[in-house]
Amino acid sequence: MTDFEPGDSASIVSVTDKVRALAIGAPVSAVHFLGRTAAFVGAEENIFVVAGEAEPVAIPVHGGGILCASSDGKRIVTGGDDGKVAALDAKGAVTVIASDAKRRWIDNVALHPDGAVAWSAGKTAFVRSGDNQEKSLDVPSTVGGLGFAPKGLRLAIAHYNGVTLWFPNMAATPEFLPWAGSHLAVMFSPDNKFLVTAMHEPALHGWRLADNRHMRMTGYPGRVRSMAWTAGGKALATSGADMVIMWPFASKDGPMGKEPAMLAPLKARVTAVACHPDQAILVCGYSDGTVLMVRMADGAEILVRKNGGAAIAGLAWNAKGTLLAFAAEDGEAGILEL
């Protein structure tokens, strides 16, 4: 692989001729896989599924805008401005999980490996566990993000001035982790030792859960809208700059006192990141429509999609890491078999 100047895609090894181009025909907000079936979450009403060599098929899941989506590889759960939480399974069946009694917008959804589902409307977070018991918790301000811990039924609820940690099946008082500002997306590390939020300002914030020590991760020129843990959880890849910012989490202190690694610089803002499920490889999408695959060990790059077009809105690997799907905001998409 050859060295290149930032923004010079001509010198990067390319696999663009191996990508199957797709035109979804509608704006796309996220991409997921259900087995080997690629699913492109539309901004309105439909999820577009692509099975094998078939053309995209629109499956209605909401009666209006789709505001959020999450997947565990078996189903995609979405929230809409119709006040409904819906699930699409690998067979194409749609189930309505919940309908908000006040028809409030469903702003966030999250999935737990044991089948539990969380969603939020306004200041209220809801959890429905695998046995269909539903519980709710009100927090001080509008919920900005939800994230389940990898172990135990524990939910992180991001909101203004901090995060609330809630065990829905326990009577204990929820724990509050304070930090001034508006907290949005929230993620536990795969080893359950750290919690990280993307903030409304161009920064991340984190806590080491053993002692709730703060981890300040700043310096971004733009808001971080996409985060992904590498295989094994040794690093956190993030968007928000004109390169992928990789925060180290291999030690007990996480990124405290450490500089992040920086990969794949281009003359465009990174808008989406996704890490390979098994290997030290990531894929990143940019505001100019470029998609790059990057080997983390040495930063070597492969061009998957050339620039020109709308920003990349979603990226996904299938569970085995043999398929990669991407989509731009305008619905231009592609699938690459590796």
Side-chain angles (χ1 to χ4, degrees), residues 29-32 34 39 41-47 59-90 93-150 152-160 162-170 174-176 182-188 195-198 200 225-227 314:
S29 60
V31 182
H32 297 285
L34 297 173
V41 180
E44 297 279 341
E45 299 182 355
N46 300 313
I47 295 178
I59 300 179
V61 290
H62 287 281
I66 301 175
L67 306 179
C68 50
S70 182
S71 179
D72 59 5
K74 300 175 183 177
R75 58 180 173 166
I76 299 171
V77 173
T78 55
D81 64 10
D82 57 1
K84 294 181 179 180
V85 182
L88 172 69
D89 67 20
V94 177
T95 304
V96 175
I97 295 175
S99 296
D100 189 73
K102 301 176 184 177
R103 288 189 60 85
R104 293 174 295 178
W105 290 9
I106 307 300
D107 301 308
N108 302 279
V109 291
L111 279 170
H112 190 280
D114 72 357
V117 180
W119 66 94
S120 69
K123 298 179 182 180
T124 307
F126 301 85
V127 170
R128 181 171 294 172
S129 57
D131 57 8
N132 281 325
Q133 288 191 344
E134 186 175 310
K135 298 184 178 181
S136 64
L137 179 72
D138 290 332
V139 293
S141 57
T142 301
V143 176
L146 298 170
F148 277 113
L153 191 62
R154 190 185 201 189
L155 181 68
I157 307 167
H159 48 81
Y160 192 72
V163 175
T164 296
L165 299 180
W166 177 37
F167 284 99
N169 290 341
M170 297 176 64
E175 182 182 3
F176 177 57
S182 180
H183 298 261
L184 303 175
V186 58
M187 300 174 71
F188 286 88
L195 185 75
V196 178
T197 62
H200 181 77
R225 299 180 184 274
S226 181
M227 303 187 290

TODO: Show your reasoning for whether side-chain contact (heavy atoms from CB on, under 4.5 Å) applies to Val163 and Leu165.
DONE: CA-CA 7 Å; Val163 175; Leu165 299 180; 4.1 Å; yes
Open item on the list: Are Val117 and Leu111 packed together at the side-chain level, in the sense that at least one heavy-atom pair is separated by less than 4.5 angstrom?
Closed with: yes
Open item on the list: Can you confirm whether Leu137 sits close enough to Pro174 that some side-chain heavy atom of one is under 4.5 Å from a side-chain heavy atom of the other?
Closed with: yes
Open item on the list: Just so I know, are the side chains of Arg128 and Trp119 near enough to count as touching, which here means a heavy-atom distance under 4.5 Å?
Closed with: yes
- [ ] Output the distance between atom CD1 (Ile106) and atom CD1 (Ile66), rounded to the nearest 0.5 Å.
- [x] 13.0 Å
Task: Set of residues satisfying side-chain hydrogen bond (donor to acceptor under 3.5 Å, both in side chains) with respect to Ser71, sequence neighbours excluded - done: none
Task: Nearest heavy-atom neighbours spanning Leu153 and Ala116 - done: CD1-CB, 3.8 Å
TODO: Would you indicate whether the side-chain heavy atoms of Val196 and Val186 approach each other to under 4.5 Å?
DONE: no
Task: Side-chain donor/acceptor of Ser141 to backbone N/O of Tyr160, under 3.5 Å - done: yes
TODO: Could you verify whether a donor N or O on one side chain and an acceptor N or O on the other, from Ser182 and His200, lie under 3.5 Å apart?
DONE: no
Open item on the list: Atom CZ of residue position Phe176 - does it have more than 12 heavy atoms of other residues, nucleotides or ligands inside 6.0 Å?
Closed with: yes
TODO: Could you list all the salt bridge (charged side-chain N to carboxylate O under 4.0 Å, His left out) pairs where at least one residue sits in residues 102-119, not counting sequence neighbours?
DONE: Asp100-Arg104
TODO: Ignoring hydrogens and angles, tell me if any N or O in the side chain of His112 forms a donor-acceptor pair with the backbone of Gly152 under 3.5 Å.
DONE: yes
Which pairs of donor and acceptor atoms, one on a side chain in residues 80-88, lie under 3.5 Å apart (sequence neighbours left out)?
residue : atom : partner : partner atom : Å
Asp81   : OD1  : Gly65   : N            : 2.9
Asp81   : OD2  : Gly65   : N            : 3.2
Asp82   : OD1  : His62   : ND1          : 3.1
Asp82   : OD1  : Lys84   : N            : 3.1
Asp82   : OD2  : His62   : ND1          : 3.3
Asp82   : OD2  : Gly63   : N            : 2.8

